[in-house]
Amino acid sequence: MARVVNEKEYAEKRNEILTAAQRLVQTKGYEQMAIQDILDDLQISKGAFYHYFGSKQAVLEALAERMVEDAKQAILPIVHDPHLPALEKLQRYFDTIVRWKTDRKPYVLELARVWLADDNAIVRQKVHANGVKRTAPLLATIIRQGIQEGVFTASLPDQAGVIVLSLLEDLNETLVGLLLSFEPNGGDPRCLADAVAAYTDALERVLGTSPGSLQIVDVAALKEWTISPGDDAF
């Protein structure tokens, strides 16, 4: 019993450090944030910090992992809703993820700026692999339902779930890379819409559903990320 309590306390303290780090990333930026800033924010010792994280890089990895888990929790009710048809589930899945990221836009972009650097390629692959293990089965569940309903023709739902998730991850990195390249002088947001269209076409082909059945990111959502209200770039 004591071990269970200790594990709970460990997780709570670790999350407290991550929450402080997230605040600092949002206010100072990851590169400008020092471990000492976290220590000062929480009034803890350096030894206490290193009990939970071996480095600042480990904090970055944990923040990315937590984003994956938070997003997963947001989509679980959709996946397990017994009243929704598969196509609607998948569309709500996309809409929920896009809204989740849009609501955290400054933080997502700041973290991505560091996350996509070459130095983080190995840890990025590790987080991606863990994300596939946790999230691909949810997509496979929707795909199986769609096969039963006759709206998907993919013959291997488990593998299709992994492929769909990989497409979504790759699209995310593509869009973030384009968004960051716009700064500070701006850029043509039409290339974002073209990327979304290409990946949507690929996703529909993998699932074997009719063209135009799904929309990974809609135009209104793209506008929120790229242009000010009233701009008619699209």
Side-chain angles (χ1 to χ4, degrees), residues 3-27 30 33 38 41-42 49-81 84 89-117 120-143 157-158 160-176 216-217 221 225:
R3 183 181 177 186
V4 173
V5 173
N6 287 338
E7 288 178 352
K8 179 181 179 181
E9 291 175 352
Y10 181 93
E12 288 175 348
K13 189 62 179 180
R14 189 174 185 274
N15 279 326
E16 185 180 340
I17 293 173
L18 284 178
T19 299
Q22 180 173 333
R23 285 196 304 268
L24 290 164
V25 168
Q26 290 173 301
T27 56
Y30 176 82
M33 178 188 73
I38 300 175
D41 185 273
L42 296 176
F49 172 86
Y50 283 112
H51 180 66
Y52 300 96
F53 297 99
S55 64
K56 181 181 172 183
Q57 178 82 4
V59 173
L60 175 66
E61 179 179 346
L63 286 172
E65 291 274 12
R66 188 159 79 161
M67 285 181 65
V68 172
E69 184 59 29
D70 287 348
K72 175 187 171 182
Q73 294 304 314
I75 60 178
L76 276 174
I78 298 169
V79 175
H80 298 302
D81 189 328
L84 291 177
K89 280 187 179 182
L90 199 53
Q91 188 58 60
R92 289 195 186 187
Y93 178 108
F94 298 149
D95 294 344
T96 299
I97 294 299
V98 170
R99 176 48 52 192
W100 188 92
K101 291 180 178 180
T102 301
D103 289 344
R104 297 158 179 80
K105 176 181 172 182
Y107 173 63
V108 169
L109 286 178
E110 175 57 32
L111 203 62
R113 195 187 311 277
V114 181
W115 189 243
L116 295 180
N120 292 316
I122 294 177
V123 69
R124 193 163 63 242
Q125 179 57 37
K126 176 183 173 182
V127 171
H128 170 71
N130 289 336
V132 167
K133 289 180 182 178
R134 294 200 298 265
T135 310
L138 300 179
L139 285 166
T141 297
I142 297 175
I143 294 169
D158 289 330
V162 173
I163 294 171
V164 169
L165 186 59
S166 294
L167 284 171
L168 295 176
E169 289 284 335
D170 195 52
L171 173 60
N172 180 67
E173 290 195 10
T174 298
L175 294 180
V176 169
I216 302 177
V217 187
W225 283 83

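Values reported hereafter were calculated over all heavy atoms of this structure, with side chains retained and with hydrogens, waters and symmetry mates removed. Computed from a predicted structure; not experimentally measured.
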Return the set of residues passing side chain to side chain contact (heavy atoms under 4.5 Å, CB included) with [X] (not counting sequence neighbours), or none when no residue passes.
| X | answer |
| --- | --- |
| Val162 | Val132, Ala136, Ser166 |
| Ala74 | Thr96, Trp100 |
| Leu60 | Tyr30, Gln57, Leu111, Val114, Trp115, Asn120 |
| Asn172 | Lys101, Val176 |

Taking atom [atom1] of [X] and atom [atom2] of [Y], what is their separation to the nearest 0.5 Å?
| X | Y | atom1 | atom2 | value |
| --- | --- | --- | --- | --- |
| Leu168 | Ile163 | CG | CD1 | 12.0 Å |
| Leu90 | Arg92 | CG | CZ | 12.5 Å |
| Arg14 | Phe49 | CZ | CZ | 10.0 Å |
| Ile75 | Lys89 | CD1 | NZ | 12.0 Å |
| Arg104 | Leu109 | CZ | CG | 13.5 Å |
| Ile78 | Ile142 | CD1 | CD1 | 8.0 Å |

Would you name the heavy atoms of [X] and [Y] that are closest together and state the gap between them?
| X | Y | answer |
| --- | --- | --- |
| Ala62 | Leu18 | CB-CD2, 3.5 Å |
| Met33 | Val25 | SD-CG2, 4.2 Å |
| Gly131 | Val68 | CA-CG1, 4.0 Å |
| Gly54 | Ala58 | N-CB, 4.0 Å |
| Ala140 | Pro157 | CB-O, 3.6 Å |

For Thr27, all residues meeting side-chain hydrogen bond (donor to acceptor under 3.5 Å, both in side chains), sequence neighbours excluded: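 Applying side-chain hydrogen bond (donor to acceptor under 3.5 Å, both in side chains) to Thr27 gives none.
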Under the side-chain hydrogen bond (donor to acceptor under 3.5 Å, both in side chains) test, residues paired with Thr19 that sit two or more places apart: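 If we apply the side-chain hydrogen bond (donor to acceptor under 3.5 Å, both in side chains) test to Thr19, skipping adjacent residues, the hits are Arg66.
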Pairwise side-chain contact, Tyr93 with Leu139, heavy-atom cut-off 4.5 Å (strictly under):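 Yes - at least one pair of side-chain heavy atoms lies under 4.5 Å apart.
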Just grab all the salt bridge (Lys or Arg N to Asp or Glu O under 4.0 Å) pairs involving [range], residues at least two apart or on different chains.
| range | value |
| --- | --- |
| residues 160-175 | Arg124-Glu173 |
| residues 54-63 | Glu61-Lys126 |
| residues 130-141 | Glu65-Arg134, Glu69-Arg134 |

Do Val108 and Met67 pass the side chain to side chain contact (heavy atoms under 4.5 Å, CB included) test, and can you show the C-alpha distance, the side-chain angles, and the key distance before you say yes or no? CA-CA 9 Å; Val108 169; Met67 285 181 65; 3.8 Å; yes
Check salt bridge (charged side-chain N to carboxylate O under 4.0 Å, His left out) between [X] and all other residues, then give those that pass, not counting sequence neighbours.
| X | result |
| --- | --- |
| Asp158 | Arg144 |
| Arg23 | Asp41 |
| Lys13 | Glu16 |

What class does the angle between the rings of His51 and Tyr10 fall in, given that below 30° is parallel, 30 to 60° is tilted and above 60° is perpendicular?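 Ring orientation of His51 relative to Tyr10: perpendicular.
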Give a yes or no on whether Leu76 atom CG has more than 12 heavy-atom contacts from other residues, nucleotides or ligands under 6.0 Å away.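 Result for CG/Leu76: enclosed.
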